[in-house]
Amino acid sequence: MKHTQFNSSWLFTLDGAEETMVNLPHDFSITKGRNARASAGKDGGWFEGGIGIYKKHFLRPKEETVYLSIDGCQGLTEVYLNRNRVLFHPNGYTPFCVNLTDTLKEGENTLEIRVNSVLQPSARWYTGSGLNRKVEILTAGKKYILPMGLYIRS
């Protein structure tokens, strides 16, 4: 599969505030500032969680098969493509992929990733919140090996 970086020029809004442009990786908890009453306390660095929404408009790739690959997203994550929920991922410590092929339309598409890190504390240390690792678009023809689909053991 061909890997294309998808890290620049995301529209981002935090807790319903005005949209800003961000590049990934991005931690939105650290942008909120410290709060002595933060529910994560000292283990979370006195930072609060929140609800962050990342949005990106893009043209459908010409290849037949299209996946979205996210190396890490801290919080309860929902992925929407053209207003259709295509994935829910509850674990902020694992990478994941979602097949976008059947939900893509010709021309412009809108990808929206909603990250909810309100439930704090979520770990024994500061985890941050948001799309905190790289994001890629993976494309292929009709025949391909699934992302993370081939393992060799010796």
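Below, all heavy atoms of this structure are taken into account, side chains as well, without hydrogens, waters or symmetry copies.
Taken to the nearest 0.5 Å, the CD1 atom of Ile113 stands 9.5 Å off from the CG atom of Leu87. Atoms CG and CG, on Leu104 and Leu59 in that order, are 11.0 Å from each other to the nearest 0.5 Å. Arg114 contributes atom CZ, which lies 11.5 Å from atom OG1 of Thr13 (distance to the nearest 0.5 angstrom). The structure places CG of Asn7 at 9.0 Å from CG of Asp71, a figure rounded to the nearest 0.5 Å. To the nearest 0.5 Å, atoms CG (Leu138) and OH (Tyr144) are separated by 10.5 Å. Taking CD1 of Ile51 as the start and CD of Glu78 as the end, the distance is 9.5 Å to the nearest 0.5 Å.
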Between Tyr126 and Ile30, is a side-chain contact (heavy atoms from CB on, under 4.5 Å) present by the stated rule, with each step listed? CA-CA 10 Å; Tyr126 178 77; Ile30 206 161; 3.5 Å; yes

Step by step, work out the side chain to side chain donor-acceptor pair (under 3.5 Å) result for His3 and Ser69. CA-CA 9 Å; His3 294 238; Ser69 172; over 6 Å; no

Pair Gln74-Ser117, side-chain contact (heavy atoms from CB on, under 4.5 Å): steps then yes or no: CA-CA 7 Å; Gln74 189 59 42; Ser117 67; 5.8 Å; no

Pair Val135-Ile70, side-chain contact (heavy atoms from CB on, under 4.5 Å): steps then yes or no: CA-CA 5 Å; Val135 174; Ile70 298 177; 4.2 Å; yes

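No chain of hydrophobic side-chain contacts below 4.5 Å, direct or via other Ile, Leu, Val, Met, Phe, Trp or Tyr residues, connects Phe58 to Tyr80. Leu68 and Leu76 end up in different hydrophobic clusters when Ile, Leu, Val, Met, Phe, Trp and Tyr side chains are linked at under 4.5 Å. One hydrophobic cluster, built from ILVMFWY side chains closer than 4.5 Å, cannot hold both Tyr67 and Ile137; they sit in different ones. Both Val86 and Trp10 are members of a single hydrophobic cluster when ILVMFWY side chains are connected at heavy-atom separations under 4.5 Å. Grouping the Ile, Leu, Val, Met, Phe, Trp and Tyr side chains by contacts below 4.5 angstrom, directly or via other members, places Val66 with Val98.
Of all non-hydrogen atoms in Pro61 and Thr139, the two that sit nearest each other are CB-CG2, 3.8 Å. Contact between Gly49 and Ser29 at its shortest, heavy atoms only, is CA-OG, 3.9 Å. Across all non-hydrogen atoms, the minimal contact from Glu64 to Arg60 is O-NH2, 4.1 Å. Smallest separation of non-hydrogen atoms from Leu131 and Cys73: CD2-SG, 3.5 Å. Among all heavy-atom pairs drawn from Leu24 and Arg133, the shortest one is CB-O, 4.4 Å. For the pair Asn109 and Asn82, the tightest heavy-atom approach, listed with the atom from each and the gap, is OD1-ND2, 2.7 Å.
Classification of Lys32 and Glu48 as a salt-bridged pair fails, no side-chain N sitting under 4.0 Å from a carboxylate O.
Side-chain contact between Ile53 and Glu112 is present, with at least one heavy-atom pair separated by less than 4.5 Å. With contacts defined as side-chain heavy-atom distances shorter than 4.5 Å, the pair Thr110/Lys55 qualifies. Inter-residue side-chain proximity for Val22 and Tyr54 is flagged as met; some heavy-atom pair is nearer than 4.5 Å.
With hydrogens and angles ignored, the 3.5 Å screen pairs a side-chain donor or acceptor of Asn23 with a backbone N or O of Ser9. Although no hydrogens or angles enter the test, the distance criterion places no donor-acceptor pair under 3.5 Å between the side chain of Asn132 and the main chain of Pro25.
Taking a 6.0 Å sphere around CG of Asn84, one finds it holds more than 12 heavy atoms contributed by other residues, nucleotides or ligands. No more than 12 heavy-atom neighbours from other residues, nucleotides or ligands sit within 6.0 angstrom of CD on Glu18.
Note on ring orientation: taking the six-membered ring where Trp is involved, the planes of His26 and Phe28 are tilted (angle from 30° to 60°).
Checked against side-chain hydrogen bond (donor to acceptor under 3.5 Å, both in side chains), Asn91 has no partners two or more places apart in sequence or in another chain. Residues that satisfy the side-chain hydrogen bond (donor to acceptor under 3.5 Å, both in side chains) test with Thr77, not counting sequence neighbours, are absent from this structure.
A cation-pi arrangement is found for Lys56 relative to Phe6, the charged atom lying closer than 6.0 Å to the ring centre and inside a 45° cone about the ring normal.
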